[in-house]
Undergrad: 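Here's a structure for you.
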Amino acid sequence: LWDYKKHSQKMWEVEVSDDEINTQVDMFRSQIAEKKESNSWAKKLDIVNLDFEGFDSDWKSVQWTKSEKFDMEIWTWKMIPWFEEEATWMKAWEEKEFDITFPKDYHATQMAWKKYKFKFKINSVSEKILPELNEKFVEKISWTKKSIEDFKNEIKTHLITKKQKDQAKELEEKFLEALVADHEFEISEWEISQELDRMIDWMKMQWLQMWKPWEKYLEEMWKTEDDFRKDFKKMAISNIRKRYLIQEIIQAENIKIEDSAIEKEIKRYEEEAKQMWKDFKEEDFKKWWKQFETLRNHFAIEEVFNRVISK
């Protein structure tokens, strides 16, 4: 293990502007906005209900590019770049044809950086009626009575915390990448295969939670499981190296996590769960006690980062 401390990172002070706070407030207002059907042309933040379909250069329909009665908010960039903007200044029942190039980093690699023809048919245009920013709105969003100033201060605190966490994750990854670059060592094919299994299983679990079969996801992505294994191999090797090196640092720093610290944290999880979940059952939480040693290692890794990332 080389001198890992030379890769220590330092956090910087984060700031939150009034514009960021107001953007968050507007997002909350948008979440509970009413929709009012309009006869006007579609403009920024309006919601258009449309049918669309994509075609190749020979006007053959392209798989997974067709939808009907689809609600799309304009200029929010939730779709591929410039897709939403094509509906700007269109009215209900108008139709349109246009070409669009998919992004270079599009998740379905077979479609990345390719040009397709699309047809739009607008079924309706609805304007968002944002609620007025007052204490009644604040109570509806936060479930408690408070002033607008207090509400904005809470948002500011939340944004600062989020920025700090994002920054810490960024610096942790920067530290680990530098560590891996300093320590080249062979990883067996068996270990790589095991890590790839773990990564694929995690993806399957994520899609199952969204009630989407893994096979359906593969079909939409135009990939096989072997394709993913090839794509993820480099990442799998890096993950394994990071884990080995972190464990070496834990030993070098003689980091030990006492049972009492883990028990205290599990009990805190339980208390939070009881407050958040009305149907909380004690047996549902036994899994945390079964992962006692996993949690010990998790806290040890956190302690490594506490020592190499100064605040």
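All heavy atoms count here, side chains included; hydrogens, waters and symmetry mates do not.
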Undergrad: With a 3.5 Å cut-off and no angle check, do the side chains of Y244 and E191 form a donor-acceptor pair?
TA: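 A pair is found: one side chain offers a donor N or O, the other an acceptor, under 3.5 Å apart.
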Undergrad: Quick one: do K267 and E263 make a salt bridge, cutoff under 4.0 Å?
TA: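 Salt bridge absent between K267 and E263.
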Undergrad: Answer with yes or no whether the side chains of T161 and Q164 bring together a donor and an acceptor at under 3.5 Å.
TA: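 No, T161 and Q164 have no side-chain donor paired with an acceptor closer than 3.5 Å.
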Undergrad: Look up atom NZ in K115 and atom CD1 in I100, then write down how far apart they are to the nearest 0.5 Å.
TA: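 One finds 11.0 Å between NZ of K115 and CD1 of I100.
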Undergrad: Looking at every non-hydrogen atom in both residues, tell me the closest pair between S124 and A92 and how far apart they are.
TA: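 Closest approach of S124 to A92, heavy atoms only: CA-CB, 4.0 Å.
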Undergrad: Kindly give the heavy-atom pair with the smallest separation between L179 and H7, and that separation in Å.
TA: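 Of all heavy-atom pairs spanning L179 and H7, the closest is N-CD2, 4.3 Å.
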Undergrad: What heavy-atom pair brings S147 and E135 nearest, and what distance separates the two atoms?
TA: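 Result for this residue pair: CA-OE2, 3.7 Å.
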Undergrad: To the nearest 0.5 angstrom, please state how far the NE2 atom of H158 sits from the CD1 atom of I21.
TA: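 CD1 of I21 is found 11.5 Å from NE2 of H158.
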Undergrad: Ring-plane angle category for W59 and F55, please: parallel below 30°, perpendicular beyond 60°, tilted otherwise.
TA: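 Geometry flag for F55 against W59: tilted rings.
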Undergrad: Below 6.0 angstrom between ring centroids: does that apply to F83 and F120?
TA: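 Ring centroids of F83 and F120 are less than 6.0 Å from each other.
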Undergrad: How far apart are the closest heavy atoms of Q9 and K174, and which atoms are they?
TA: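 It is OE1-CD, 3.4 Å.
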Undergrad: Surrounding NZ of K5 (heavy atoms of other residues, nucleotides or ligands, distance under 6.0 Å), is the total greater than 12?
TA: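 No, the 6.0 Å shell around NZ holds no more than 12 heavy atoms from other groups.
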Undergrad: Does the side chain of N297 pick up a donor-acceptor pair with the side chain of T294 at under 3.5 Å?
TA: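 No, no side-chain donor-acceptor pair sits under 3.5 Å.
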Undergrad: Can you confirm whether W207 is buried at CH2, in the sense that more than 12 heavy atoms of other residues, nucleotides or ligands lie under 6.0 Å from that atom?
TA: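 Yes, enclosed.
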Undergrad: Between W113 and T101, do the side chains contain a donor N or O and an acceptor N or O under 3.5 Å apart?
TA: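 T101 vs W113: no donor-acceptor pair found between side chains.
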Undergrad: Is it true that F137 and F28 have ring centroids separated by less than 6.0 Å?
TA: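 Judged by ring-centre distance (under 6.0 Å), F137 and F28 do not meet the cut-off.
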Undergrad: I need the I246 CD1 to E248 CD distance, nearest 0.5 Å.
TA: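 Interatomic distance, I246 CD1 to E248 CD, rounded to 0.5 Å: 11.0 Å.
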Undergrad: Are side-chain N/O atoms of E68 and N123 paired as donor and acceptor at under 3.5 Å?
TA: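 Note: E68 and N123 side chains miss the donor-acceptor criterion.
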Undergrad: Nearest 0.5 Å, what's the CZ-CG distance between R29 and L130?
TA: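 The distance works out to 4.5 Å.
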Undergrad: Quick check on the 6.0 Å ring-centre criterion: do F175 and Y4 meet it?
TA: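 Centroid distance F175-Y4: not below 6.0 Å, so no.
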Undergrad: Below 4.5 Å, heavy atoms only, C-beta onward: do E253 and V304 meet side chain to side chain?
TA: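 No; the side chains remain at least 4.5 Å from each other.
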Undergrad: Using the rule given for salt bridge (charged side-chain N to carboxylate O under 4.0 Å, His left out), can you reason through K114 versus D56, listing the C-alpha separation, both sets of side-chain angles and the distance that settles it, and then say yes or no?
TA: CA-CA 9 Å; K114 289 185 180 177; D56 63 17; over 6 Å; no
